[in-house]
Chemist: 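Just passing along the structure, written as structure tokens.
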Amino acid sequence: MTALELLAPAKDLACGIAAVDHGADAVYIGAQRFGARAAAGNSIEDIRQLCDYAHQYEVKVYVTVNTIIYDDELEATEQLIHQLADIGVDAILIQDMGILKMNLPPIALHASTQTDNRTIEKVKWLSALGFQRVVLARELSVDEIAAIHREVPDMPLEVFVHGALCVSYSGLCYASQYCFGRSANRGTCAQFCRMKFDLLDADGHELEHQRHLLSLKDMNQSNHLEELIQAGATSFKIEGRLKDVSYVKNVVAAYSQRLDAFIAKHADKYCRASLGHCTYSFTPNLNKTFNRGFTSYFLHGRHHDIFSPDTPKAMGEYVGYVKEMRRDSFNVAGTASFANGDGLCFINQKRELEGFRVNRAEGNRLFPQQIPENLHAGMALYRNNDQDFERLLSRKSSERKIPLVMRLGVTDDGYSLSVGDIQVTIPCEHQQAEKPQRENIIRQLSKLGGTPYECSRVEIPDDFNDFIPSSLLADLRRLIVKELLASEEGTAYRVERCLLSGGKVPSIASIGVSCLKDSYEYNISNGLARDFYAEQGLSEPSPAFELSHQKNALLMQCKHCLRYSLGYCVKHGGRKPQWREPLMLRLGDGRCFRLDFDCRNCQMNVYATD
């Protein structure tokens with residue numbers, strides 16, 4: 001039986017609890033430091049509380065320790081990892097290989113997507129180093145995932161299925177550090193890829209003017225889970241450690257329902273990785289939650305429409321088009337219903353996103369506070385804030401319960417109550433009942449409100465006809481709940497880090513990592529990492545980009561290709577370009593970046609020009 005894991009993001013403790021309540025099998029969260037989202041840090045105490053809550057359902061908690069680390073931070077990092085192990089965290093995600101040289105507690109290590117995991121050889125190497133899971137690059141196709149699984153079948157594979165996309169391979173983006181002194185590998189990315197650019201040819205001709213040419217749509221693989229499962233992925237990760245609780249509730253519920261539907265058809269092969277089922281008070285709808293438009297990215301190879309050049313902001317769901325304009329209102333052609341306070345937006349004639357709020361809605365006639373100047377009849381409308389939906393999510397919107405079958409038994413000096421292998425007893429004099437007791441016994445034992453459990457059935461011996469006071473039945477119920485909760489302590493996934501049998505780790509060169517164009521791409525930012533790579537046979541590596549200035553540096557490596565997306569890739573049936581290369585991206589402040597099209601590897605590289 002293969003266990004499938006829905007992995008949800010948590011900005012904070014509230015988001016983590018919401019993720020558990022809405023169907024997550026695991027939650028990933030950042031500690032106060034060293035996570036790849038510096039703005040999403042949490043105290044050890046909050047993470048401990050999340051572990052306590054999650055482990056009731058056998059939901060795992062993973063903590064991101066996936067930044068590169070400086071020498072003066074090594075001791076604090078090691079202390080943090082020991083603290084996380086002590087409070088019951090199930091695994092940590094790491095990028096910096098210097099961590100492998102630390103004195104680590106027995107805690108599972110997951111190779112973050114920041115370690116650039118996109119080849120069979122890399123995954124084999126990480127497995128040999130003792131990692132218990134690899135988070136694959138978002139850019140991989142379902143065929144590439146399947147090939148990795150075939151060659152490294154014992155390595156659990158985690159794949160992203162939903163949320164924002166980085167345009168560069170993770171761990172190999174230095175644009176934010178180069179332009180703004182804010183390192184993506186240190187959790188402070190300034191989102192260079194969401195900015196406006198001009199596209200220039202070698203003669204200085206402007207091919208595109210002030211467009212978001214590197215901004216990708218958001219990933220949505222909700223209709224492709226079965227393909228990913230068949231390819232060998234077992235953990236399905238939702239991006240969003242900066243997202244709010246309503247995003248977590250809606251997206252987790254939507255994917256949880258889809259996983260449950262798949263498992264219902266294949267119950268002999270698959271199960272969920274945690275316990276319990278959820279009852280929702282709303283209908284999940286991915287279109288109603290923050291998104292820049294959706295793409296399946298490269299799941300089935302290269303295709304058009306993966307980027308969002310008009311805006312990097314959320315457009316939301318399409319709700320119809322403007323049918324008729326009046327002085328203070330307009331009506332919408334479509335089937336959507338509207339509420340006062342809804343947020344709507346549209347793409348104006350300059351290909352820019354404009355938004356406004358609905359003051360009053362009368363059916364499909366909408367009254368904004370002020371009619372947008374650029375809104376005209378025939379324009380498509382999108383809703384990026386649905387007031388009715390947000391109100392539903394602002395309240396308690398799900399309940400998660402673990403079904404129990406209780407078995408009442410008779411002992412020599414009293415009675416027993418069992419759930420699975422757990423049994424409690426209570427002394428009580430046996431008394432013949434004067435009237436049937438079954439209904440009262442079932443009613444008393446089923447009162448599990450305020451616990452993670454619900455009673456699906458009470459089994460009572462056929463010949464049972466004893467009288468048990470309701471107070472003693474309540475004592476039995478409380479005892480079994482106490483034992484059940486205690487039995488779930490220590491269910492955390494705790495694995496000693498060890499090498500594979502044989503103990504020999506393949507060298508860096510043997511896995512193809514040596515094909516990195518510049519040695520600063522190993523992201524070596526401390527002495528332990530230098531020692532690690534020296535043992536791996538890497539001679540004279542450069543310090544991490546953050547620690548050294550590189551002339552004409554390679555800042556980004558992107559599967560997204562502007563030649564292709566703009567229709568000029570001859571290899572894939574596009575028009576032959578009329579421009580002269582190299583092409584340049586130009587920011588609004590005049591800084592330029594050279595584009596290099598690596599057609600052999602079907603990749604676009606972005607270089608600094610200093």
Chemist: Just to verify, what does Asp531 make a salt bridge (Lys or Arg N to Asp or Glu O under 4.0 Å) with, not counting sequence neighbours?
Modeler: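 For Asp531, no residue satisfies salt bridge (Lys or Arg N to Asp or Glu O under 4.0 Å) once neighbours in sequence are set aside.
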Chemist: Please find the pair of heavy atoms, one from Pro9 and one from Val248, that lie closest to each other, and give the distance.
Modeler: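 Smallest interatomic distance, heavy atoms only, reads O-CG2, 3.7 Å.
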Chemist: Given side chains that start at C-beta, do those of Tyr255 and Phe236 come closer than 4.5 Å, heavy atoms only?
Modeler: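 No, every pair of side-chain atoms sits at 4.5 Å or beyond.
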Chemist: Is the charged tip of Lys217 near the ring of Phe307: under 6.0 Å from the six-membered ring centre and within 45° of its axis?
Modeler: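 Ring-cation test returns no.
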Chemist: Is Thr67 reaching over with its side chain to a backbone N or O of Gly187, donor-acceptor style, under 3.5 angstrom?
Modeler: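 No, Thr67 side chain to Gly187 backbone: no donor-acceptor pair under 3.5 Å.
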Chemist: Run the side-chain hydrogen bond (donor to acceptor under 3.5 Å, both in side chains) check on His22 and Ser397 step by step: do they pass?
Modeler: CA-CA 8 Å; His22 288 74; Ser397 50; 2.8 Å; yes
Chemist: For the side chain of Ser256 and the backbone of Val252, is there at least one donor-acceptor N/O pair under 3.5 Å apart?
Modeler: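 No: the side chain of Ser256 does not pair with the backbone of Val252.
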Chemist: With ring centroids as reference points, do Tyr607 and Phe593 lie under 6.0 angstrom apart?
Modeler: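 Ring centres of Phe593 and Tyr607 not closer than 6.0 Å.
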Chemist: If we check side chain to side chain donor-acceptor pair (under 3.5 Å) with Asp52, which of these qualifies: Arg48, Gln49, His55?
Modeler: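 Going through the options one by one, the only one that passes is Arg48.
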Chemist: Please walk me through it: do Ile44 and Leu84 pass side chain to side chain contact (heavy atoms under 4.5 Å, CB included)?
Modeler: CA-CA 7 Å; Ile44 290 293; Leu84 294 173; 3.8 Å; yes
Chemist: Is any side-chain heavy atom of Val135 closer than 4.5 Å to one of Phe160?
Modeler: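 They are in side-chain contact.
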Chemist: Could you tell me whether the side chains of Gln221 and Asn223 share a donor-acceptor contact shorter than 3.5 Å?
Modeler: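 Gln221 vs Asn223: no donor-acceptor pair found between side chains.
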Chemist: Does NZ or CZ of Arg400 lie under 6.0 Å from the centre of the six-membered ring of Tyr57, at an angle within 45° of the ring axis?
Modeler: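 Pair Arg400/Tyr57 counts as cation-pi.
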Chemist: Is the shortest heavy-atom distance from the side chain of Trp125 to the side chain of Gln536 under 4.5 Å?
Modeler: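 With C-beta onward as the side chain, the pair touches.
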Chemist: Are any side-chain N or O atoms of Asp610 and backbone N or O atoms of Asn552, one a donor and one an acceptor, separated by less than 3.5 Å?
Modeler: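 Yes; at least one donor-acceptor contact below 3.5 Å.
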Chemist: Apply salt bridge (charged side-chain N to carboxylate O under 4.0 Å, His left out) to the pair Arg118 and Asp116, showing each step before the final yes or no.
Modeler: CA-CA 6 Å; Arg118 47 182 155 132; Asp116 184 30; 2.7 Å; yes
Chemist: Ignoring hydrogens and angles, tell me if any N or O in the side chain of Ser308 forms a donor-acceptor pair with the backbone of Leu216 under 3.5 Å.
Modeler: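 The answer is no, because no donor-acceptor pair under 3.5 Å joins these two groups.
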Chemist: What are the two closest heavy atoms between Asp25 and Ala273, and how far apart are they?
Modeler: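 Scanning both residues completely, I find the closest heavy atoms to be OD1-N, 3.7 Å.
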Chemist: If you apply the rule ring-ring contact (aromatic ring centres under 6.0 Å, His included), what do you find for Phe545 with Tyr522, and how did you get there?
Modeler: CA-CA 9 Å; Phe545 186 88; Tyr522 291 98; over 10 Å; no
Chemist: When you measure from the side chain of Thr115 to the backbone of Gln95, do you find a donor-acceptor pair of N or O atoms at a distance under 3.5 Å?
Modeler: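 Answer holds: no.
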Chemist: Looking only at side-chain N and O atoms, does Ser183 offer a donor or acceptor that is under 3.5 Å from a partner on Glu546?
Modeler: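 The answer is yes; a qualifying pair exists.
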Chemist: For a 4.5 angstrom cut-off between non-hydrogen side-chain atoms, does Ser141 reach His300?
Modeler: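 Counting from C-beta outward, Ser141 and His300 never come under 4.5 Å.
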Chemist: Going by the salt bridge (charged side-chain N to carboxylate O under 4.0 Å, His left out) test, which pairs reach into residues 246-260, not counting sequence neighbours?
Modeler: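 For residues 246-260, and leaving out neighbouring residues, the salt bridge (charged side-chain N to carboxylate O under 4.0 Å, His left out) pairs sorted by first residue read Asp260-Arg272.
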Chemist: Would Thr289 and Asn250 count as having a side-chain donor-acceptor pair, cut-off 3.5 Å?
Modeler: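 There is such a pair (donor and acceptor under 3.5 Å, judged by atom type) between the side chains of Thr289 and Asn250.
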Chemist: At their closest point, which heavy atom of Met556 faces which heavy atom of Leu214, and how far apart are they?
Modeler: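 Closest heavy-atom pair between Met556 and Leu214: SD-CD1, 4.1 Å.
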Chemist: Is any NZ, NE, NH1 or NH2 atom of the basic residue among Glu5 and Lys237 found under 4.0 Å from an Asp or Glu carboxylate oxygen of the other?
Modeler: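 No.
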Chemist: Rounded at 0.5 Å granularity, tell me how far CG in Leu80 sits from CD1 in Ile92.
Modeler: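 Answer rounded to 0.5 Å: 8.0 Å.
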Chemist: Return the minimal non-hydrogen interatomic distance between Ile29 and Leu50, and the atom names on each side.
Modeler: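 Closest pair (atom of Ile29, atom of Leu50, distance): CD1-CD2, 3.9 Å.
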Chemist: Quick check against the 3.5 Å criterion: does Asn42 have a side-chain atom that pairs as donor or acceptor with the backbone of Gln32?
Modeler: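 No, Asn42 side chain to Gln32 backbone: no donor-acceptor pair under 3.5 Å.
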Chemist: For a 4.5 angstrom cut-off between non-hydrogen side-chain atoms, does Cys193 reach Ser215?
Modeler: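 No - every pair of side-chain heavy atoms lies 4.5 Å or more apart.
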Chemist: When the side chains of residues 167-175 are checked against the rest of the protein, which donor-acceptor pairs come out under 3.5 Å, sequence neighbours left out?
Modeler:
residue : atom : partner : partner atom : Å
Ser168  : OG   : Leu172  : O            : 3.4
Ser168  : OG   : Gln557  : N            : 3.3
Ser168  : OG   : Gln557  : O            : 3.3
Ser170  : OG   : Arg138  : NH1          : 3.1
Tyr174  : OH   : Gly171  : O            : 3.4
Tyr174  : OH   : Asn523  : OD1          : 2.9

Chemist: Closer than 3.5 angstrom, by distance alone: can the side chain of Ser127 be matched with the main-chain N or O of Met155 as a donor-acceptor pair?
Modeler: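 Flag not set: sc Ser127 to bb Met155 has no pair under 3.5 Å.
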Chemist: Would you call Asp589 and Arg591 a salt bridge, using N to O less than 4.0 angstrom?
Modeler: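 A salt bridge is present here (some side-chain N lies under 4.0 Å from a carboxylate O).
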Chemist: Show, in sequence, the C-alpha distance, side-chain angles and deciding distance for Asp218 and Leu165, and conclude whether the side chain to side chain contact (heavy atoms under 4.5 Å, CB included) test is met.
Modeler: CA-CA 6 Å; Asp218 286 359; Leu165 290 164; 5.9 Å; no
Chemist: I'd like to know if the side chain of Thr77 pairs up with that of Gln79 as donor and acceptor (distance under 3.5 Å, no hydrogens or angles considered).
Modeler: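 Per modelled atom types, Thr77 and Gln79 side chains form no pair under 3.5 Å.
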Chemist: For Val89 and Ile107, what are the C-alpha separation, side-chain angles and deciding distance, and is it a side chain to side chain contact (heavy atoms under 4.5 Å, CB included)?
Modeler: CA-CA 8 Å; Val89 164; Ile107 189 169; 4.2 Å; yes
Chemist: Testing the basics here: between Leu547 and Ile524, what is the closest heavy-atom pair and its distance to 0.1 Å?
Modeler: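 Leu547 and Ile524 have their closest heavy atoms at CD1-O, 4.3 Å.
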Chemist: For Ser246 and Leu393, which heavy atoms make the closest approach, and how far apart are they?
Modeler: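 Taking Ser246 first and Leu393 second, the nearest heavy atoms are O-CD1, 3.6 Å.
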Chemist: Let's go through Glu158 and Leu7 carefully: what are the C-alpha distance in whole Å and the side-chain angles of both, what is the deciding distance for side chain to side chain contact (heavy atoms under 4.5 Å, CB included) to 0.1 Å, and is it a yes or a no?
Modeler: CA-CA 9 Å; Glu158 181 180 305; Leu7 177 55; 3.3 Å; yes
Chemist: Check whether any side-chain heavy atom of Asn220 lies under 4.5 Å from a side-chain heavy atom of Thr295, and answer yes or no.
Modeler: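 They are not in contact (no side-chain heavy atoms under 4.5 Å apart), so the answer is no.
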Chemist: May I ask you to establish whether Arg186 and Tyr70 are in a cation-pi arrangement, using a distance under 6.0 Å from NZ or CZ to the six-membered ring centre and at most 45° from the ring axis?
Modeler: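 Verdict for Tyr70: a cation-pi partner in Arg186.
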Chemist: Is it the case that atom NZ in Lys313 sees more than 12 heavy atoms from other parts of the structure closer than 6.0 Å?
Modeler: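 For Lys313, atom NZ is not crowded (no more than 12 foreign heavy atoms under 6.0 Å).
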Chemist: Give, for atom OG of Ser274 and atom CD1 of Ile402, the distance between the pair rounded to the nearest 0.5 Å.
Modeler: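 CD1 of Ile402 is found 8.5 Å from OG of Ser274.
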Chemist: With side chains defined as the heavy atoms from C-beta onward, is the minimum distance between Ile263 and Leu4 less than 4.5 Å?
Modeler: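 Of all side-chain heavy-atom pairs linking Leu4 with Ile263, at least one is under 4.5 Å.
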Chemist: Compare all side-chain heavy atoms of Glu151 with those of Glu121 and state whether any distance is below 4.5 angstrom.
Modeler: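 With C-beta onward as the side chain, the pair stays apart.
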Chemist: Under 3.5 Å, is there a donor-acceptor pair between the side chain of Asn66 and the main chain of Ser112?
Modeler: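 Pair absent, no side-chain N/O of Asn66 close to backbone of Ser112.
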Chemist: Would you call the rings of His162 and Tyr247 parallel, tilted or perpendicular, where under 30° means parallel and over 60° means perpendicular?
Modeler: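 His162 and Tyr247: tilted rings.
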Chemist: Taking the inter-plane angle between the rings of His110 and Tyr62 on a 0 to 90° scale, is it parallel (under 30°), tilted (30 to 60°) or perpendicular (over 60°)?
Modeler: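 Rings of His110 and Tyr62: perpendicular, as their planes differ by over 60°.
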Chemist: Would a distance-only check, ignoring hydrogens and angles, find a side-chain to backbone donor-acceptor pair under 3.5 Å from Gln132 to Gly130?
Modeler: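 Present.
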Chemist: Using modelled atom types and a 3.5 Å cut-off, is there a donor and acceptor pairing between side-chain atoms of Glu78 and backbone atoms of Glu75?
Modeler: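 Answer holds: no.
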